Amino acid sequence: MLQQTRVETVLPYYARWLKRFPTVAALADAPLDDVLKSWEGLGYYARARNLHRAARLVQERHGGSLPDDPEALRALPGFGEYTTGAVASIAYGRRLPAVDGNVRRVLSRLYDLPAPTAAELRETAAALVPADRPGDFNQALMELGATICTPRSPRCAECPVAEFCLALARGTVAERPGRKRVGALPLEIVGTAVVRDAAGRLLLVRRPATGLLGGLWEFPGAVVGPDEAPEAAARRAALAAGAVLAPDAAATAIGVVEHTFSHKRVAYRAFAFRGAGAAAADAAEPSGAGVAPGDPVQGGGRHPATGRTWADETALAELALPVAQRKLARLAAAARPRL
Ligand code: SF4
């Protein structure tokens with residue numbers, strides 16, 4: 001949970017997570033939907049899917065106990081260099097480094113490194129990790145970066161390692177580490193369809209299990225093409241998802257939700273369609289029928305959706321929705337009386 005996310009944000013999720021999944025077995029046995037629902041709002045859902053898959057592998061291969069061998073850890077989904085080092089050193093006392101963003105900054109300043117590669121930083125950190133309490137050492141380094149050696153205005157006067165700090169001695173603290181150049185994120189506009197059937201239930205589609213927001217539910221949406229109106233894209237998405245729209249079904253713009261991903265910004269322009277219905281078979285739980293293969297779905301534009309459902313308010317509350325989609329659901333609820 002702490003990858004890419006601040007401790008304060010994680011704490012309530014962590015407590016709820018341990019209550020819902022107190023053991024590896026509980027997590028391994030849980031349906032993916034429950035796992036994604038517990039993660040809802042935390043973002044970077046690949047972490048949740050990896051944890052779930054890792055729990056299943058730990059059950060199958062290691063009898064339900066997380067292995068202490070770094071190679072076995074590295075073979076689990078979601079375990080890269082950082083997580084392997086953190087778990088092996090903190091949980092099992094293995095002498096391995098754990099270089100996160102904070103540690104990168106501290107080491108770049110301590111050794112006055114303008115543009116160290118990940119491999120160089122790992123090597124530098126590895127040489128520092130002591131055999132005695134390596135986990136405490138790694139956590140201390142992370143904490144130093146989080147509390148003292150902060151990105152802006154580091155508190156060098158209070159720093160316990162100031163006497164060893166080359167950047168402080170050379171006056172280059174503000175330039176270390178060098179900034180990675182980040183261009184403006186591209187903007188994607190997604191025409192999003194809010195479709196209700198006669199019973200007032202909303203049509204939702206499920207994203208493919210892998211990739212961006214994999215396995216989560218969303219309103220049908222399509223990336224707006226060149227020369228295409230957002231409403232037309234929303235209509236296209238609704239039809240691809242199996243909605244039966246009257247030919248003259250009017251659409252009402254009900255709002256825009258914007259969301260920033262790590263690699264792009266997306267503006268979801270939402271349209272409610274009146275006169276919508278569903279073929280009888282559509283009432284069944286996710287079938288995947290009615291979704292045209294290869295039809296762009298929101299957020300990615302490359303993957304076909306893998307299922308759909310008609311959800312009343314109770315069912316909607318129980319589905320795992322990304323943050324932006326939950327906001328769209330609120331827009332849909334607010335707009336309902338005037339449609
Ligand atoms: S002296 Fe300043 S720049 Fe150097 S490690 Fe400490 S806080 Fe960071």
Side-chain angles (χ1 to χ4, degrees), residues 1-15 42-44 46-47 50-51 66 68 70-71 73-74 78-185 260-263:
M1 284 181 182
L2 287 169
Q3 291 168 354
Q4 316 276 345
T5 309
R6 297 171 62 85
V7 175
E8 306 82 81
T9 310
V10 161
L11 284 175
Y13 279 93
Y14 184 68
L42 207 47
Y44 298 99
R47 297 178 297 178
N50 282 336
L51 258 177
L66 198 65
D68 63 355
E71 286 315 309
L73 285 174
R74 211 172 268 124
F79 278 73
E81 288 299 331
Y82 165 72
T83 305
T84 300
V87 171
S89 66
I90 295 169
Y92 296 122
R94 294 294 186 120
R95 191 178 179 179
L96 283 180
V99 180
D100 68 353
N102 285 321
V103 173
R104 173 177 184 265
R105 184 171 57 259
V106 171
L107 294 179
S108 300
R109 288 172 173 169
L110 268 178
Y111 290 89
D112 196 29
L113 307 170
T117 64
E120 283 165 351
L121 284 169
R122 251 197 328 275
E123 214 171 287
T124 306
L128 292 175
V129 180
D132 184 33
R133 297 165 60 195
D136 286 351
F137 175 85
N138 283 334
Q139 291 186 78
L141 213 51
M142 293 180 208
E143 201 64 11
L144 182 65
T147 58
I148 302 278
C149 193
T150 52
R152 282 173 288 278
S153 322
R155 292 151 52 193
C156 301
E158 300 165 48
C159 178
V161 294
E163 63 177 302
F164 309 115
C165 183
L166 282 182
L168 182 63
R170 294 173 183 168
T172 55
V173 171
E175 295 141 48
R176 302 286 178 262
R179 295 250 170 275
K180 287 181 199 160
R181 280 184 67 81
V182 183
L185 293 175
T260 302
F261 294 92
S262 56
H263 58 301

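Since the structure is predicted, the reported quantities are computational estimates derived from the model, not experimental observations. Order of listing sets the numbers, starting from 1, for every ligand and every atom in it.
Smallest separation of non-hydrogen atoms from Met142 and Asp100: CG-OD2, 3.6 Å.
In terms of modelled atom types and a separation under 3.5 Å, the side chain of Thr172 and the main chain of Glu175 share no donor-acceptor contact. Side chain of Arg109 to main chain of Arg176: a donor-acceptor pair is present (N/O by atom type, distance under 3.5 Å, no hydrogens or angles).
Protein N/O/S atoms nearer than 2.8 Å to atom 2 (Fe) of ligand 1 total 1.
A donor-acceptor pair shorter than 3.5 Å can be found between the side chains of Thr5 and Arg47.
Around the CZ atom of Arg133, the shell of radius 6.0 Å holds no more than 12 heavy atoms that belong to other residues, nucleotides or ligands.
Side-chain atoms of Pro154 and Ile148, non-hydrogen and from C-beta on, never get closer than 4.5 Å to each other.
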